[in-house]
Amino acid sequence: MPEAATAVVERVTALIARLHPNMSDDLDTAARPSEHADAQVNVALGLAKRIGKNPREVAQQIADQLDLTGICSKVEVAGPGFLNLTYDDVYLARLLKEVAADSRLGVHRAETVETVVIDYSAPNVAKEMHVGHLRSTVIGDALVRMCEAVGHTVIRENHIGDWGTPFGMLIEHLVDLGEVGAARELSVGDLDGFYKQARAKFDALPEFQERARARVVALQGGDTDTLRLWQLLVAESARYFATVYEKLAVRLTDADLRGESAYNELLVKVVERLGAAKLLTTSDGAEVVFPAGFTNRENEPLPLIIRKQDGGYNYATSDLACVIDRVERLRATLMLYVVGSPQAQHLAMIEAVATDAGWLPSPARMVHVAFGSVLGNDRKMLKSRTGESVKLVELLDEAVQRAAASVAEKNPELPEAQRNIVARMIGIGAVKYSDLSSDRVKDYVFEWERMLSFDGNTAPYLQYAHARICSIFRRADLARESARAAAISLDHPSERALALWLLQYDSAVWDALERYSPHRLCTYLYELSTRYTSFYEQCPVLKAESDAVRASRLALCDLSARILADGLALLGIQTPEQM
RNA sequence: GCGUUCGUAGCUCAAUGGAUAGAGCAUCUGACUUCGGAUCAGAGGGUUGGGGGUUCGAGUCCCUCCGAGCGCGCCA
């Protein structure tokens, strides 16, 4: 309820400033959603404490003097000193009409536009994508869409692992297979096999090991032929990643790929600049930084290793280079790292060092958008039957397959071609939604039955609610736009409950975005669906008692469908019109 | 050992420091000549891991204990 709440808060704040001129600072004047009223204001409780008076009396005084004409039809004091507000129906109807006429559905733009770099997905070249990449990719994609929706400038960065010692053995394996054979091997999508074969040879054959090591040196030395072979691996992998992203329907493209190798030239500069800032020390032959506040097992200062004993660099160095690149070249003001929580300490150290080195001048900042693991039925990290990590493609294919079976069973009239399209929206949507709908910092249990169920907080349930609305307009042979100018009346309780919720879309989107918590938007959309279906059960739309009521209800339907579709789109989930 | 995240109904999950901790699944009871029953209405089910503290008010903040996951020097 952005506008209504804002209007209320403005008047409350003004009144308190008048009544208690020196008390108005940092008082909680917010108008919150409430179970007992349309909204509640709790300011009297804090104020009473501060001025040493009875909270109910303070609340009553505010209620008596607060002028909410045209906004609220009722203000009452309840409990220990809550102000319960009932909005004026005419006012609500007017707000709804404004939202219905708004292509943004009431979602306001960011006041200050940020340049947001979002670092997510991050698969490794020549390695299969597995469930471990699911959460980063899906959460990152949702954040991209939400940031863009409020007008931020978003730069997607898929920080792929395309460099390091494993590439010696991978390139040698490629040479062994022959370029044509290797390309064939890689293009069938069996990257796991390729990697494992290389690994097996590396472990078993000293001769191969020698070649691999020499190849790493050649790669780092910039040997032309080696670089060409390396690029072949990268290109084949990129093609594979693109197919996965297409299946997943996320925004990532080849243009967003940014391998670690991209920072190679910057690594020397990182060392130079850390040296110039006098942060660098030598420890056991390695060049390291000791950021304050980090300790190891023995309670000794924990170093961030910048240059190894052997002179090589590692991930900490390239992560620091990355910070410099994002702040100084891309002008990032906000950097989101959609990375699993196990890396919390590493990222905290990167941030500490970058801050100490002066590479994060305000307003530039890093945020670790951490997330937990995907668990199987046994409550342990999800694994395949053979104990290996589950291939992402296989998981996605199974989701679509299961959805297709479900649609075939429940709606056999749907033509097969359409069924396949819909099955993809449902299956992929279900996987994404089950990932997004619980608090990201916690682990979650991956269960096919639950995520594909049409009951409960699932994508199919939301999609179904949307499809039913589309069905109403189809049956009535009405264009959706035609519903938007209607005068809205809110006589039935379920109409009113729905209307109140529709008006809170703006705050739901912002709430989810500000916490980088897509699940808050999921919860909102789920509640919207339940309120809608409840309305749908109780209020006939096409057979409404009058044309005016029918038009009003059609407007509520249209707005509900648009917010459902828009909200799901912000989560990267599609909404079929039939299913 | 140190650090960190988590612990809420039988299960899976919600809950800006605000009222009687909410949903879904499962269980039980109802509702289809009606816009998609792929649904809806209702019931039972809780010492929010234990114990202290701060606060007018704590699932939420602080301390402590218990339990689980993860991390902790040259992999990324």
Side-chain angles (χ1 to χ4, degrees), chain A residues 28 30 32-36 40 42 45-46 48-49 54-55 78-82 84 122 124 159 161 163-166 260 283-288 293-310 312-316 318-319 340-346 348 370 372-373 375 379-381 406-407 409-411 434 437-439 441-445 447 449-451 453-458 460-461 463-465 467-476 511 514-515 519-520 522-523 526-527 530 533-534 536-544 553 557 578-579:
Chain A
D28 173 18
R32 302 181 162 79
S34 171
E35 286 172 31
H36 308 278
Q40 69 180 60
N42 303 337
L45 294 155
K49 176 68 181 171
N54 179 310
F82 300 115
N84 281 355
N124 291 307
H159 200 81
W163 203 251
T165 44
E260 285 164 73
S283 173
D284 295 339
E287 306 235 47
V288 306
F294 295 90
T295 53
N296 67 9
R297 292 169 207 272
E298 282 76 39
N299 237 324
E300 296 156 350
L302 182 66
L304 189 68
I305 294 164
I306 303 301
R307 185 153 54 188
K308 301 187 281 186
Q309 284 179 330
D310 65 5
Y313 300 100
N314 63 5
Y315 62 106
S318 81
D319 281 345
S341 26
Q343 291 200 52
Q345 182 177 275
H346 169 69
S373 312
L375 308 181
R379 309 296 113 107
K380 291 181 181 160
M381 297 265 283
S406 176
V407 174
E409 182 202 325
K410 286 165 173 159
N411 189 1
S434 84
S437 60
S438 63
D439 189 350
V441 304
K442 299 183 185 177
D443 297 345
Y444 81 95
V445 180
E447 279 177 309
E449 267 188 41
R450 192 149 32 81
M451 73 177 75
S453 165
F454 288 83
D455 294 300
N457 190 8
T458 67
Y461 177 81
Q463 289 168 324
Y464 177 62
R468 288 214 287 190
I469 301 174
C470 294
S471 171
I472 289 178
F473 283 89
R474 206 164 42 240
R475 176 172 283 261
D511 176 55
E514 279 167 351
R515 299 154 183 260
H519 88 278
R520 312 262 314 180
C522 294
T523 305
Y526 174 58
E527 177 70 21
T530 60
T533 44
S534 179
Y536 176 88
E537 290 289 324
Q538 296 175 62
C539 299
V541 178
L542 297 178
K543 293 173 185 167
R553 287 182 180 165
C557 287
Q578 290 182 63
M579 57 193 281

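Labels below follow one simple rule: chain letters A, B, ... track the order of the sequence lines, proteins then strands, and each chain is numbered from 1.
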Enquirer: Please determine whether any donor N or O and acceptor N or O are separated by less than 3.5 Å between the side chain of A:Y315 and the base of B:A76.
Expert: yes

Enquirer: Taking 4.0 Å as the cut-off, does a side-chain nitrogen or oxygen of A:S341 come that near to OP1 or OP2 on B:U5?
Expert: no

Enquirer: Quote, to the nearest angstrom, the P distance that separates B:U60 from B:G7.
Expert: 11 Å

Enquirer: Would A:R515 and A:D511 satisfy side-chain contact (heavy atoms from CB on, under 4.5 Å), going step by step from the backbone distance to the final call?
Expert: CA-CA 6 Å; A:R515 299 154 183 260; A:D511 176 55; 2.7 Å; yes

Enquirer: Given the C1' atoms of B:C28 and B:G44, what is the spacing between them in whole Å?
Expert: 8 Å

Enquirer: A:F454 vs A:Y464 aromatic rings, parallel, tilted or perpendicular, using cut-offs 30° and 60°?
Expert: perpendicular

Enquirer: Between B:C35 and A:R553, is there an OP1 or OP2 to side-chain N/O distance shorter than 4.0 Å?
Expert: no

Enquirer: Rounding to an integer number of angstrom, what distance separates B:A19 and B:G24 when you compare their C1' atoms?
Expert: 25 Å

Enquirer: May I ask you to verify if any side-chain N or O of A:R468 is less than 4.0 angstrom from the OP1 or OP2 atom of B:A38?
Expert: no

Enquirer: Look at A:H519 and B:A15 and indicate whether a side-chain polar atom (N or O) is within less than 4.0 Å of OP1 or OP2.
Expert: yes

Enquirer: Start at the 5' end of RNA chain B and walk down; is the nucleotide closest to A:E298 or to A:P80 reached first?
Expert: A:E298

Enquirer: Choosing from B:A38, B:U16, B:U12, which nucleotide comes nearest the side chain of A:Y464?
Expert: B:A38

Enquirer: Strictly below 4.0 Å: does A:Y461 bring a side-chain N or O up to OP1 or OP2 of B:C40?
Expert: yes

Enquirer: Mind checking the C1' distance from B:G50 to B:C40? Whole angstroms is fine.
Expert: 42 Å

Enquirer: With respect to the phosphate group of B:A14, does any side-chain polar atom (N or O) of A:K442 fall under 4.0 Å of OP1 or OP2?
Expert: yes

